[in-house]
Amino acid sequence: MTGAIVGPDAAGLARAVRILRAGSVVAFPTETVYGLGADAFSEAAIGEIYRLKNRPSWNPLIVHVAGLAAARELADEWPAAADELAARFWPGPLTLVVRRAGHLPRIGAANDTVAIRVPAHDVALRLLEASGLPLAAPSANRSESISPTTAEHVVRSLPDVPLVLDGGACSWGIESTVLDLTTAVPTLLRPGALSLRALREVTGAIALPDSETADGAARPAPGMSRRHYAPRATVLLVKDVQDVDRSTLAGPVAVLTYEGAGDDGTETLSADPREYAADLYAALHRLDDAAVATILVQDPPQTEDWLAVRDRLSRAAAK
Ligand code: AMP
Ligand code: MG
């Protein structure tokens, strides 16, 4: 443990609140991944997030709030669908994009919209309540690299972070699903922890981005920039890891597979997409720590349940 990591007791929370009120940043656990939070009303504090992460300035941030009332205050319009989705899924791993209220500063290239969610993590909620601030918070890692699912991951990726509240390992281990409610039909901006099936039960039809792996072209949402979630090693996504001639690859070579896919992988994750997602980033962090040069990844099934995992793997594999 480094000095930056503190337990989420009263003293730790008080320290975090002091730092946030002074216009700096604090990393905190959520049920998805660890976030790097700043007062959403402070442009200087938000600037500190971009500086620490080396995040491109166009890439906007999700604002975390303690509950529905706080969310509505940040929105210019609050659609009926947002009420229904919030009632069903908040606190939880669903981010809603709505029209931004005029008193909230513009974050990144998002001109007149804001992305909001209520995290389902006791420490995150206590921090939001104790600070009384909406917290703009992207994942607490250097831009493009693997998201942190433990406090130690945060410090390794961002050694200069002033403080990390340690809430243990994240239960979902993959980012929230981002849904745009400013379009006639709700539009999926980022597949994530919450499944499309669960969302459709509330909203009906959902528009999908042109192609989950399409390249180029300006994208409406930042998580959608092509290379992202990437370890230092080269990631190769393959149909069957057993068919690959490993002698032609830069070594050491590691294999990331899932049960039943027929390989004794260096890392074998669950064949259940939710459990696989929960362990994916930790497995990539372990392989990076082991200094492997190539990670051969068994392509997961092409089904909707695997959408978020396939999205992250294809971005980790992008050049
Ligand atoms: P990260 O914080 O690293 O998980 O990435 C932030 C995510 O927030 C991106 O992937 C976007 O999908 C989303 N996001 C934040 N603000 C907006 C916005 N105003 N419009 C669309 N997407 C947004
Ligand atoms: Mg991120």
Side-chain angles (χ1 to χ4, degrees), residues 25 27-38 40 46 49-50 52-65 71 74-77 79 82 93-102 104-117 119 124 134-149 153-154 157-158 161 170 172-183 186-194 199 206-209 212 218-231 277 280-281 284-285 307-308 311-312 314-316 318:
V25 299
F28 62 95
T30 78
E31 80 282 29
T32 59
V33 301
Y34 274 71
L36 184 65
I46 288 173
I49 291 181
Y50 283 88
L52 257 185
K53 279 185 60 101
N54 195 26
R55 184 177 176 103
S57 60
W58 51 264
N59 193 346
L61 310 174
I62 295 168
V63 181
H64 295 68
V65 293
L74 304 179
D76 187 35
E77 273 166 43
L94 172 65
T95 297
L96 299 176
V97 173
V98 295
R99 301 250 164 251
R100 176 173 57 86
L104 184 70
R106 193 178 81 116
I107 301 174
N111 282 329
D112 53 0
T113 61
V114 60
I116 310 174
R117 84 176 189 101
L135 296 178
S139 53
N141 55 279
R142 292 279 292 181
S143 190
E144 292 194 355
S145 65
I146 314 164
S147 300
T149 58
H153 292 160
V154 176
S157 189
L158 301 173
V161 67
C170 302
W172 281 96
I174 192 164
E175 294 80 358
S176 62
T177 303
V178 181
L179 191 67
D180 186 352
L181 295 180
T182 68
T183 48
T187 305
L188 181 73
L189 294 183
R190 175 175 75 184
L194 192 68
L199 283 175
I206 289 176
L208 302 183
E212 46 160 321
R219 286 161 186 284
M224 308 187 79
S225 65
R226 184 100 170 92
R227 183 173 167 85
H228 213 111
Y229 317 108
L280 173 61
Y281 293 149
L284 293 175
H285 279 289
L307 192 62
D311 171 79
R312 303 307 187 271
S314 70
R315 292 175 206 288

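Worth knowing before you read on, the calculation uses all heavy atoms, side chains too, and leaves out hydrogens, waters and symmetry mates. First listed ligand is number 1; within each ligand, the first listed atom is number 1.
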Notebook entry, point to check: Does some side-chain heavy atom of Val98 sit less than 4.5 Å from a side-chain heavy atom of Glu77?
Noted result: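 No, too far: nothing below the 4.5 Å cut-off.
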Check: Considering residues at least two apart in sequence or located in another chain, which fulfil the side-chain contact (heavy atoms from CB on, under 4.5 Å) criterion with Ser145?
Finding: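 Checked Ser145 against side-chain contact (heavy atoms from CB on, under 4.5 Å); matches are Asn141, Arg142, Ser157.
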Check: Are the charged groups of Glu31 and Arg117 less than 4.0 angstrom apart, N to O?
Finding: yes
Item checked: Aromatic ring pairing Tyr229/Tyr281, orientation class (parallel under 30°, perpendicular over 60°, tilted between) -> parallel
Report, in ascending order of atom number, the atoms of ligand 1 lying under 4.0 Å from any heavy atom of [X].
| X | result |
| --- | --- |
| Arg190 | 1 (P), 4 (O), 5 (O), 7 (C), 10 (O) |
| Leu189 | 21 (C), 22 (N) |
| Val97 | 20 (N), 21 (C), 22 (N) |
| Ser139 | 1 (P), 2 (O), 3 (O) |

Next item on the list: Select the closest option to atom 6 (C) of ligand 1 among Arg55, Arg106, Glu175, judged by heavy-atom distance.
Entry: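 Closest candidate by heavy-atom distance is Arg55.
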Backbone of [Y] reached by a side-chain donor or acceptor of [X] within 3.5 Å:
| X | Y | answer |
| --- | --- | --- |
| Lys53 | Ser139 | yes |
| His285 | Pro231 | no |
| Arg55 | Pro60 | yes |

Notebook entry, point to check: Hey, mind stepping through Asp180 and Val178 against side-chain contact (heavy atoms from CB on, under 4.5 Å) and telling me if it holds?
Noted result: CA-CA 7 Å; Asp180 186 352; Val178 181; over 6 Å; no
Note to self: Is the contact between Thr113 and ligand 1 made by the side chain, the backbone, both, or neither, using heavy atoms and a 4.0 Å cut-off?
What the structure shows: both
Notebook entry, point to check: Between Asp180 and ligand 1, which part of the residue brings a heavy atom under 4.0 Å of the ligand: side chain, backbone, both or neither?
Noted result: neither
Checklist line | Between Thr95 and Ser176, a side-chain donor and acceptor under 3.5 Å | finding: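 The criterion, which ignores hydrogens and geometry beyond distance, is satisfied for Ser176 and Thr95.
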Next item on the list: Give me the protein N, O or S atoms that fall under 2.8 Å of the Mg ion (ligand 2), sorted by chain and residue number.
Entry: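 The answer, once waters are left aside, is Ser139 OG.
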